[in-house]
There are 2 protein chains.
Amino acid sequence: MSTSAVVAPLTGLPALLDAVREVAPHLDVRAPSAATAPFAFDAGTVPRHGEADEDGPAVSFPSTVSEVQQLVRLAGRHGVSIVARGAGSGLSGGASATRHQLVVSTDRLDRIVEVSPADEVAVVEPGVLNAALNERLAPLGLFYAPDPASWRISTIGGNIATNAGGLRCAKYGVTRESVLALDVVLADGSLVSIGHRSIKGVTGLDLVSLFVGSEGVLGIVVGATVRIRPLPVARRTVTAFFDSTAAGAAGIGAITASRVRPSVIEFLDEPTLVGIDAAQESGLRARGAALLLIELDGFGIDEQTAELTVALESAGARVRVESDADAETLWELRRSGRRFDDDSWFVGGDVAVPKSRIAEVFAGFPALEERYGVAVSAVAHAGDGNLHPVITLPIPAGADPAAFPAVLHDAADDLVRAALAVGGTVSGEHGIGTVKRELAAEELAERVRVAQLAIKDALDPTGLFNPGKAL
Amino acid sequence: MSTSAVVAPLTGLPALLDAVREVAPHLDVRAPSAATAPFAFDAGTVPRHGEADEDGPAVSFPSTVSEVQQLVRLAGRHGVSIVARGAGSGLSGGASATRHQLVVSTDRLDRIVEVSPADEVAVVEPGVLNAALNERLAPLGLFYAPDPASWRISTIGGNIATNAGGLRCAKYGVTRESVLALDVVLADGSLVSIGHRSIKGVTGLDLVSLFVGSEGVLGIVVGATVRIRPLPVARRTVTAFFDSTAAGAAGIGAITASRVRPSVIEFLDEPTLVGIDAAQESGLRARGAALLLIELDGFGIDEQTAELTVALESAGARVRVESDADAETLWELRRSGRRFDDDSWFVGGDVAVPKSRIAEVFAGFPALEERYGVAVSAVAHAGDGNLHPVITLPIPAGADPAAFPAVLHDAADDLVRAALAVGGTVSGEHGIGTVKRELAAEELAERVRVAQLAIKDALDPTGLFNPGKAL
């Protein structure tokens with residue numbers, strides 16, 4: 001702590017830590033140190049190749065809502081800004097923190113308070129893992145729909161902060177569509193309940209939707225009432241292999257033109273199939289150059305399969321209903337994906353475009369590759385136009401792995417601009433955090449940015465919560 | 001106009017009207033007069049029994065977005081507040097206006113700009129009728145899901161302002177779930193685009209959701225990009241009659257406990273059935289004392305019917321699949337409903353409660369009737385816990401119909417408080433407007449109200465838009 005005081009004499013953190021010791025010694029607050037260094041990063045900003053390592057932020061582990069309130073009040077009094085943190089699995093730097101900040105971890109706010117099948121809601125604390133909620137619900141024949149790829153390790157609170165999407169949101173909507181009410185600690189330390197336990201409700205402005213996806217800049221979510229649903233009566237995995245990425249992208253349109261709305265539509269282009277085969281010893285590329293990996297669910301699964309098959313075959317696909325065992329393998333391959341190890345530099349992306357423009361984005365990859373001398377490929381949550389491109393470059397023998405070439409970011413930025421040019425957005429589901437602020441500024445008109453900042457100021461006039469993120 | 005100036009010398013309206021004549025004579029702005037009197041009210045506040053009648057507000061009919069911007073700038077300059085108005089079919093006074101205000105009608109902003117089946121979106125101006133959009137979509141095999149009872153006469157802009165619900169939102173969500181992007185004119189007259197044409201997008205705060213349901217207090221919606229969906233492959237109407245209102249309410253829980261999620265679940269209690277029979281010469285009550293009128297849609301309609309039937313019969317229902325002709329009659333009876341004519345005073349309601357508490361709300365009606373000497377009944381959008389109670393009292397012979405007895409409002413307020421007591425909300429879908437501000441204040445904690453007003457101030461610092469409404 002004395003280190004912090006020397007390095008940054010202007011910070012209020014030492015005084016805050018003193019105050020905690022004096023007036024609230026029951027609070028578990030850890031001073032900046034090498035041990036808190038991991039809290040400086042999230043999964044999207046953690047140094048990959050052993051970059052400089054310094055003390056992390058102060059980190060607190062409240063186990064009650066009133067402890068969160070107390071921390072917020074103390075931090076506010078000492079001018080120390082707060083970064084709320086779930087599992088740290090975010091990919092845009094939203095939970096990154098400096099050694100002058102206080103991280104409020106939701107690790108110990110991990111109770112599933114209530115499951116009400118009759119009201120179709122669950123009430124949870126923010127630190128509950130997405131997977132833990134679903135484990136609790138499954139024996140009741142219920143599920144919580146939002147399923148970001150990180151569902152096994154990410155928290156509901158983090159999912160709310162980023163308005164997390166996932167695979168199934170093609171049918172069930174993103175996190176916002178599953179959040180009915182929130183308990184939030186505001187900048188003055190007050191605790192408010194917003195939203196409704198009822199499915200409908202229009203009393204006043206929709207503060208719940210405003211907080212969902214706000215990346216921790218408006219307050220700290222300390223409780224959530226979320227929608228739960230009956231598990232579908234049936235699920236079926238269908239594969240559609242195509243002779244080219246372009247043909248596969250056209251197949252997405254064929255599904256849209258049908259009346260079938262699959263629960264999941266994942267599109268994997270040729271380099272992705274090749275990469276998965278290399279990493280996992282699978283044989284996907286032998287079946288085709290592009291894959292639509294589809295899950296149908298609900299009633300009438302045979303009728304759905306029939307209509308889907310007609311649509312896909314008319315688009316040139318080879319369609320197969322997969323056995324349960326093969327389906328499990330395929331979804332595991334999709335999730336584990338290619339492996340990017342220490343042999344390559346890479347950057348990932350998260351653009352979303354109108355569905356009809358997906359094909360154009362893929363069609364632009366070869367030009368990008370040529371211009372920047374990189375490799376470009378993507379997986380897409382095709383049901384909602386959300387692409388996760390990956391841009392890679394092999395690390396030459398003898399090169400310093402930490403000397404990340406700017407050309408990768410240039411190519412990634414170009415790709416994002418291509419998405420914006422067809423009416424897309426710089427982030428479909430990962431959020432803006434620190435990583436995409438500049439690109440967000442290209443997407444949002446200045447007047448919109450001013451409006452967003454005005455709302456931030458209205459709720460957090462001193463800039464206590466996650467300054468410099470998202471907006 | 002001179003009248004207004006005499007009556008209210010402090011208003012800026014005369015100066016505004018002069019300015020329009022001088023600098024923007026092409027704008028169609030009508031001065032307050034008896035002819036504009038209907039614009040003082042919406043369908044929820046129009047005087048029923050010939051109450052005092054005076055000049056209405058000034059009314060403008062912009063036919064372009066830039067005319068809206070011009071009106072906002074001129075009104076702002078002259079300190080005249082603005083009430084945006086769609087069809088005026090709202091039920092909470094949200095579009096009511098005084099003779100010192102300027103109504104901005106969206107009547108002439110009624111173009112369907114684009115329908116894109118490939119992107120699953122339509123782009124509309126706010127004055128487009130909900131029904132007009134669906135007429136345009138039907139031949140393409142598509143539909144726009146939100147279906148407030150007013151869908152034939154209400155506008156998409158008005159639906160957005162109130163976050164309108166309807167019957168089908170049990171399955172398809174409320175208006176918010178169908179709005180992807182908005183063009184909005186802000187208080188300084190600037191035009192901003194918020195949201196995304198892509199299905200997903202998390203760039204910055206979710207201003208679209210903030211505007212949906214904001215009842216015109218934050219800005220004027222001048223364009224909307226909404227989601228459209230394929231018409232379901234099948235629709236089927238199922239009736240379930242019960243021996244009592246209580247049994248019917250329990251039947252709602254049986255549906256929840258099943259895996260079937262109907263597109264529509266309407267619950268009609270005994271007095272409602274009797275009232276419809278009296279008004280429409282139907283024979284509903286002869287079939288049972290309470291009715292769940294259900295629509296299934298989508299794939300596997302036979303499987304759905306079978307599972308639904310088992311669930312309902314186990315709850316004591318007499319279940320029947322209705323023929324198309326009978327179904328049409330039944331839905332028409334549901335929509336036309338009881339008729340409340342000049343023989344009765346009545347007030348309507350719009351509470352929503354957690355689904356498991358619906359039965360309790362109905363069970364409380366007899367005590368309300370006894371305490372206040374009124375008749376209480378309700379129809380419920382049972383799929384999302386939204387009740388529309390009606391409280392009535394016959395007008396005694398010789399009584400002045402305009403002498404509306406306070407006891408009706410007292411009973412209605414009591415009913416709302418009963419809904420609040422079980423975790424409900426004062427408005428499921430009609431909004432707060434002027435009619436429910438006091439009850440909203442009972443629902444929302446003071447700190448939440450302060451936060452809402454801070455957001456209003458952040459976007460509309462001079463209180464230009466619809467002052468005194470909603471918040």
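Fair warning: this is a prediction, and the values are worked out from it, not measured in the lab. Labels below follow one simple rule: chain letters A, B, ... track the order of the sequence lines, proteins then strands, and each chain is numbered from 1.
When the candidates B/N163, B/V233, B/V192, B/L231 are compared by the number of heavy-atom contacts under 4.5 Å with chain A, B/V233 comes out ahead. Interface remark: of the candidates A/S214, A/S193, A/G165, A/G428, A/G428 forms the most heavy-atom pairs closer than 4.5 Å to chain B. Contact count against chain A (heavy-atom pairs under 4.5 Å) is highest for B/T256 among B/L180, B/T256, B/V426. If you tally non-hydrogen atom pairs under 4.5 Å between each of B/P354, B/A454, B/G423 and chain A, the highest count goes to B/P354. Comparing B/G141, B/A440, B/S116, B/S190 by how many heavy-atom pairs each has under 4.5 Å with chain A, the most go to B/S190. Ranking B/G385, B/G424, B/S427, B/A352 against chain A, the residue ahead of the rest is B/S427, based on heavy-atom pairs under 4.5 Å. Across A/L207, A/L453, A/I358, the residue that shares the most heavy-atom pairs under 4.5 angstrom with chain B is A/L207. Per-residue heavy-atom pair counts under 4.5 Å with chain A were compared for B/L140, B/V174, B/D188, and the maximum is reached by B/D188.
Rounded to the nearest 0.5 angstrom, B/E120 CD and A/K355 NZ are separated by 3.5 Å. Going from atom CG of B/D350 over to atom OG1 of A/T203 covers 8.5 Å, rounded to the nearest 0.5 Å. Between B/D302 atom CG and A/F299 atom CZ the span is 11.5 Å, to the nearest 0.5 Å. With rounding to the nearest 0.5 Å, the separation of CG in B/L387 from NZ in A/K200 is 10.0 Å. To the nearest 0.5 Å, atom CD of residue B/E303 and atom CD1 of residue A/I301 are 9.0 Å apart. Distance check, rounded to the nearest 0.5 Å: NE2 of A/H196 to CG of B/L420 gives 9.5 Å.
Contact detail for B/L459 and A/A451: the closest heavy-atom pair is CD2-CB, 3.8 Å. Between A/S198 and B/T425 the shortest heavy-atom distance is OG-CG2, 3.6 Å.
Side-chain atoms of B/Q452 come within 3.5 Å of backbone N or O of A/L205 as a donor-acceptor pair.
A/P230 places a side-chain heavy atom less than 4.5 Å from the side chain of B/R261. Using a 4.5 Å cut-off on side-chain heavy atoms (C-beta onward), A/E215 and B/V202 make no contact.
With a 4.5 angstrom heavy-atom cutoff, A/L218 touches chain B only via side-chain atoms. Both the backbone and the side chain of B/L210 come within contact range of chain A, with heavy atoms under 4.5 Å apart. In this structure, chain A has no heavy atom under 4.5 Å from any part of B/A445. A/H430 touches chain B through its backbone: at least one of N, CA, C or O sits under 4.5 Å from a heavy atom, while the side chain does not. Only the side chain of B/L186 comes within less than 4.5 Å of a heavy atom in chain A; its backbone stays farther off. Both the backbone and the side chain of A/R176 have a heavy atom closer than 4.5 Å to some heavy atom of chain B. In this structure, chain B has heavy atoms under 4.5 Å from both the backbone and the side chain of A/I455. Of the two parts of A/V260, the backbone and the side chain both hold a non-hydrogen atom closer than 4.5 Å to a non-hydrogen atom of chain B. Of the atoms belonging to A/E443, it is side-chain heavy atoms, and not backbone ones, that fall under 4.5 Å from chain B.
Counted by atom type alone, A/D206 and B/S209 present zero donor-acceptor pairs between their side chains at under 3.5 Å.
Salt bridge status for A/D119 with B/R357: absent, with no side-chain N to carboxylate O gap under 4.0 Å.
For CD of A/E438, the number of neighbouring non-hydrogen atoms (other residues, nucleotides, ligands) closer than 6.0 Å is 12 at most.
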